[in-house]
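Here's the structure, in C-alpha cells; my notes come after.
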Amino acid sequence: MTVQMIFLAFFGGAAVWFGVVVFRTHSMVRSALALLFSQTAIGAMFLVMQAEFLGVLQIMMMATEMSVMAIFMVMFMMDPGGMGKMDMTHQKRLSLWVGVIGLLAALLLVWLPDWGPVAQSVPGAHEQAADLGRELLGRSMLIFQSAGLTILTAMVAATMVAIVPNAEQRK
Amino acid sequence: MSILVVLLSLAAGAYALAVIERWAVHGHLSLTGPAWAALALMGRESLLAHKSDRLFFELGPVLLLVAGLMAVAVIPLAPGLIITDLATGALFLNAALAYVLVALIMAGWGPNGAYAMIAGWRFLGQFIAYAMLIVMPITAVAMRAESLSTVEIVASQAQLWNVLYQPVGFVLFVVAAMGLAWLPPLDLPDATGELAGGVEAEYTGVRLAVLRLARMVIILALAGATVTFYLGGWLGPWLPPWAWSAIKILAVAASMLSVGRYMPRIREARYLALSWKLGISLALANIFVVGVIALVVPI
Amino acid sequence: MTIAGAHAGAMTGLRRLISTAMARDLTAFVLPGASVARSMGLDLAGSPLRIVGTPRHANLLIVVGPLPPGLRDAAAVTYAQMPRPRAILALGAGDIAPLPDADVSAPLTRAGLRSGLADLRRVIAAGAFRADSGEFNAPALEVRVEYTCPMHPEIVRDAPGDCPKCGMTLVPRETASDGHGGHGGHVMPREDRPNPADHAHAGHAQDAGGSGAYICPMHPEVISDAPGKCPKCGMNLAKAEEVESHGHGHGHGHASHAPSAHGDHAGQDDKAGGSGAYTCPMHPEVISDAPGKCPKCGMNLVKAEEVESHGPGHGHGHGDHGGYGKQQDHSGHDGHAGHGGHSKAAIDGIEPHFMSMVEMTKDQPRSSDGLQMDWIKVPFGPFFPGLPAGLRLTLTLDGDTVAASDATSLVGATDLMDGPQMRVADFVERLATMMPLSPVSYRALACAAIEVAAGVEPDHDARRGRAAAVERERIASHLNWLAEFGLQSGFLWLAARAGALQLAVQGADVAGIATQAGAIRRLSRRVQAAPLMRMRLRRIARIGKDAPASGPVDRARGGGSDARTGDPTLKDLGFEMRVRNGGDALARLRLRCDEIAQSLDVIAAAGRIAVPQVPDVDRVSGEGEARIETPRGTASLRVKLANGKVVEADLDTPTDVNIALVETVTAQQELGDALSAVASLDLSPWEVRG
C-alpha cells in the first residue's frame, strides 16, 4: 500500500511540475510537450492505481493529441522557439482567479462528497478490461456514441465556418 | 531470467536487422559492418548546433529508444517468454509506439535546422495518416481473441492464423507499421533525396548510434507485433516455439526493410488521401466482417 | 602520419581500435556529386565505400576532378560540417584550397580509386587521433553579426538601433559572412543560422503599397493617400477597407464603436484608467504618462484609453496540417475568418490592449490559402543529393509549401576562351572539359562549328561515327539522370542499376552496347511500370505549351523541336523525333526512356562509334555556326576563325532556357514535389551561361 502511495505521490508531483513548466517556459514547443508529459504522468498514476486500461489509454491518446497541439502552436504563434523576449501571456489576473476558483472547486469535490469505502482489492486487469468493454457497449453506449458524433460534427462545422466566409471574400 | 533472454535476443535481432538494412540501402552484405560502424561512431566528434533546444536534442534519441523497448516488452517470443504480460498488451504496444512521434518531433525541433524541422513536422503528417490504420486492425484481432493480451492473441490463432482470417487487416497493419518506422517508401522524415537525411542528419557520434539502435528496436517491435497479431507468434510444427518466433520476426523485418528499395517514395498528400479515403474504409469494413465471422464461424 | 582532420586526443589502445573501425567503415561524401563522378568513369557504388547524402554522417570527403572556383566556399563549409576525424581523398583534383591538403591523392581512374582507398585506410587507422589537432578555418566560415527587428525580419541593419516600422529595439543575430550556406541547410556547425524557429516570420517582402485611402488603425481621423506612418503613434497606416473589414485591431480604427464601450474598461486589469496614460501594445503593464518608448521592447507607446477591447483575433482551427501541396485540399481561409461574423462590440473580460497575432502579422504576405505561416528560406545547396551538383536552389518555404524559388548555378560556363585567340584543338578540349556531364556532345558541337567555319566537310563514315558517339552519350546521360532521379525519390534499386548500366555503356563500343541493350531496355520498361511511379510523377511539374523549353522537357508537351530532325546522317540511321503528351514529369520520364531505346537502335544501325576528331584547319578564316541536340536539349555554337585560330565564340545551351522553368514548376508545390519537379528538368548547372 505504501509503495503505491509513494509512486502515486511521485507521479502526481511530476504532473503538477510539468504543468507549471507549461506556463513558465517561453518556448511554444516546450510548453506543449511539457503538457504532454504532465498527462503521461497522470496516465502513470492510473496505472499505479491499477486501472490498467485507463492508464494505457491516457498515455496513448495524450501523446498524439499534444503533438498535434504542438504543431498548431508552431503554426499560429509568433516566436515559437521562445527566443524573443516578448511576454506571451494575456489576461493574467483573470486566469489567476479562474485557476484558484477551479482548484478550490476540485478540492471541495475531492473532500466533501462521500465516495464510499476504499476498495480493498481490485479486479484483475483482464476482468477490468472485459467489464469496461461490456459497460461501453451496454449502458454507456449512448453517451459515448453521441459524444463521438458531437465531436465529429463540431470539427466539421468549425472547418465549414472557417472556409465559407473566406471563399466569399476571395471573390 | 526471461527478461534477460528477451533482451539478449532483442540485441541479436537488432544486429541482424542492421546487417539487412545495410544491404538494403547500400547493396553490400557485410556481417561485421554494423559492429565496425558502431565502434566508429563512438569515437566521432559530437556536433551540436548553435542555439539548439538542447533538452529536446538530447532527449529525442533516448525517448525513441525507450519507446521501442517498452513496445518490445509486450511481445511474446514463446509461451512464458515475455517481459511483461499485460492484460492490455496490444493497446500498450500502441501507446509505447505513439512516443515515436513525440521523439521525432523533439529530434526535429531540437537541432534548430530547417531540414530537421521540416522532417519532424512531416512525420506528424505521416502519423495522421497511419495512426488510425495501426489501431483499427488491432481491434479486429482483439475481437477474435476476445482479449487484448498478446499471449491470448497468439493462442487464439492456433487453428488459423490471422493473416488468412483477416488479410485486409494484415495488409493495412503492415503498411501502417512501415509508416510508423518511417521505412521507405514511407520515409518522409528521413528522405535522403529531399531532406538530406532529415532528422537523422543533425545527429553525429554516440547520439547517432543511439538513434540508429532505437530505430532497429522499433522495427523489431513492429515485426514482432505483426507476427504476434497475424502470423501466429510462436505457433508452428517441428521447431521449438522460440525458433519459430525468431524466423518469423526476422523474415517480416527483412521484407519490411527491403521492399522500399524497389519503390519510389510516396508523396505525402497521396499517402494521406489513400490512408483516409481507402484505408480507413477498409479498416472499418474489416472490423465489421471479422465481427460477423467471429459470431458465425467457430474458430 | 596523421590526417589533417584528426580528432583531438592521444592515441590510446581503445582509440586505436576505434581508428581501425573507422578505417574499415568508410562513409564518403562526394564532391561535386556522384553523377559527375560517374560521368568521369568512376564507379563509386561498386567500391566498399558507403556514400551518404549529408556530410554529418561522412568521415571521408572525396573530391572528384578539379574543384571549380564557384564551389570552393561551399566545399569548405561542407568539410567544416563533417565530424572529426575526417579525411580528404582527392582524385585528380589538384589544388583544393581552401580545403586543407588532401590526405591521399590519386589519379582519376578506377585503379586510382582502389589504391587511394587502400592508402586512406592505412592513414586513418594510424592517424585518426592526434593530441594537438587544430581547427579548420576558412573565409567562408566567418560569422557576421547583423541586427534585425523581431517583428519585421526584413529590416536588417549592420548597427544596433530601432526598427523604422514599429520602433522596437533591434536584436543582434549571427549570420554567415556571405549570407548563405554551403551544403544546403546545415550552414555552420557551431555558428548560428537564421533560425526558422527563432523568429516568427522570416524573409518576406515589404508591405505592398496600393491605391486607396490609408488610415491609422488607432487614429481614424488620420487619413492619407499613400502608405506611410501615422504622425500620432508611429504605426503603419493601413488601407481603409482593411481596417473596416477586420473588425478589430489592437487599437481599433472604426469610428463606429460606441463611446459607451469605453466604460467597460473601467474594471479592466493591468491598466490605469486615467486619461493621457500611455501603454505599450505588447506589454500592458507598462504605464507611462508621456509618450515614448516601452522599456521592455522599444515600441512606441500608445494612448491607453484609445485602445479598445475586442474579441480574440486568432485561435481558429485549421483542419489539417498546413502545406500539403494540394491547395484544393485546404480550406482556403483567411487568417481572420476563424471567427467569421464576429461583432465589433467590446467583449467583457478581454483585456484592452489585446495584441492579436493575426493583427500583428496582417501586413505580411500570406500563402495562397490565406493561412499565415512561418516562412523560412532554405538553401538546397550545391551538393544536395538528388539535385544536380553545382545548382544552388533557394526555396522560400511556407510551412512545407514552396512560396518562392531561386535557382542559380555555381559552376556556370562563363568564359569559352582563355585568351584572345586559341588553337582549335585547345578550344575543343576546353569546351568539352567545361561540360563534364556531356563532353562528347559539346566536343561534337565544337568540331561541327569549326568545320562549318573552315568550310571543311567530314566524310560519311566520320559523320556516322560521330552521330553514334553522340547517341551513346545520350544513353549514358539519360541513365545518369535516371540514377539521380532514383536517388532523389528514394528508389534505390533504380539508382544502383541505372548507375551501373551508365558506367557500362559510357566507354563501350558497338558490340559492348549491344550486350547491354537488353538490360537497358528491361530497366526502362521496369522503371515506367514501377508501382507508385505514376502516382509520384503524374501532373507534377507541369508546364504549359507556351513556356520556352528545350530538349525532352519541350518534347514531352506533345510537340517541340529536335535539332536532329534536319540531319541527313541521322535520318539515314532511322531517326525519328519522339514526342510525348502531358508536359508533366511522368511524360518526361517516359520520353527519356523512349529516347534511350531509339538511341540504341541508331547505334546498332551505325555500326561503329567514333569520338569526334578535331578537324584539320589550315590558316583559314571564317564564321560558322552549328547546332546539336545534347541530351538536355538544343545547343548552338557560333565560332569565328582567323588564321586557323579561334578568336570568337558564342554558345547557347539548353539549360539556360530550362532553368527559367524552375520558378514555374516549384510554385506552390509541396517540398518533395518541388524537388522532384526540379529533378525532372534535368538541368546541367555547368551549361548555365552568365
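Labels below follow one simple rule: chain letters A, B, ... track the order of the sequence lines, proteins then strands, and each chain is numbered from 1.
- Proximity to chain C (any heavy atom under 4.5 Å) is shown, for B:Ala191, by neither the backbone nor the side chain.
- At a 4.5 Å heavy-atom cutoff, the contact between C:Arg24 and chain B is made by side-chain atoms alone.
- For the pair C:Gly53 and B:Ala196, the tightest heavy-atom approach, listed with the atom from each and the gap, is O-CB, 4.0 Å.
- No part of C:Leu537 comes within reach of chain B, as not one of its non-hydrogen atoms sits under 4.5 angstrom from that chain.
- With rounding to the nearest 0.5 Å, the separation of CH2 in B:Trp36 from CE in C:Met22 is 12.0 Å.
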**Report entry** Criterion side-chain contact (heavy atoms from CB on, under 4.5 Å) on C:Leu671 and B:Leu195, from CA distance to verdict
**Finding:** CA-CA 9 Å; C:Leu671 178 64; B:Leu195 289 172; 3.7 Å; yes

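- Contacts of B:Leu186 with chain C are absent, with no heavy-atom separation under 4.5 Å from either backbone or side chain.
- Checked for salt-bridge contact, B:Arg270 and C:Glu670 miss the test: no charged N lies under 4.0 Å from a carboxylate O.
- Taking OH of B:Tyr262 as the start and CZ of C:Arg497 as the end, the distance is 11.0 Å to the nearest 0.5 Å.
- The residues C:Arg536 and B:Glu194 are annotated as salt-bridged, a charged nitrogen and a carboxylate oxygen being separated by less than 4.0 angstrom.
- Neither the backbone nor the side chain of C:Ala495 comes within less than 4.5 Å of any heavy atom of chain B.
- With hydrogens and angles ignored, the 3.5 Å screen pairs no side-chain donor or acceptor of B:Arg265 with any backbone N or O of C:Gly672.
- Interface remark: C:Leu675 contributes side-chain atoms only to the contact with chain B (heavy atom separation under 4.5 Å).
- Looking at B:Arg44, its side chain does come within 3.5 Å of a backbone N or O of C:Pro83 through a donor-acceptor pair.
- Of the inter-residue distances, the one linking B:Arg22 atom CZ with C:Arg50 atom CZ reads 4.0 Å to the nearest 0.5 angstrom.
- Heavy-atom distances place the backbone of B:Ala24, and not its side chain, under 4.5 Å from chain C.
- Heavy atoms closer than 4.5 Å to chain C are found in the side chain of B:Leu208, but not in its backbone.
- Using a 4.5 Å cut-off between heavy atoms, C:Leu14 makes no contact with chain B at all.
- Residue contact with chain B, scored on non-hydrogen atoms closer than 4.5 Å, is absent for C:Arg15.
- Heavy-atom distances place both the backbone and the side chain of B:Leu39 under 4.5 Å from chain C.
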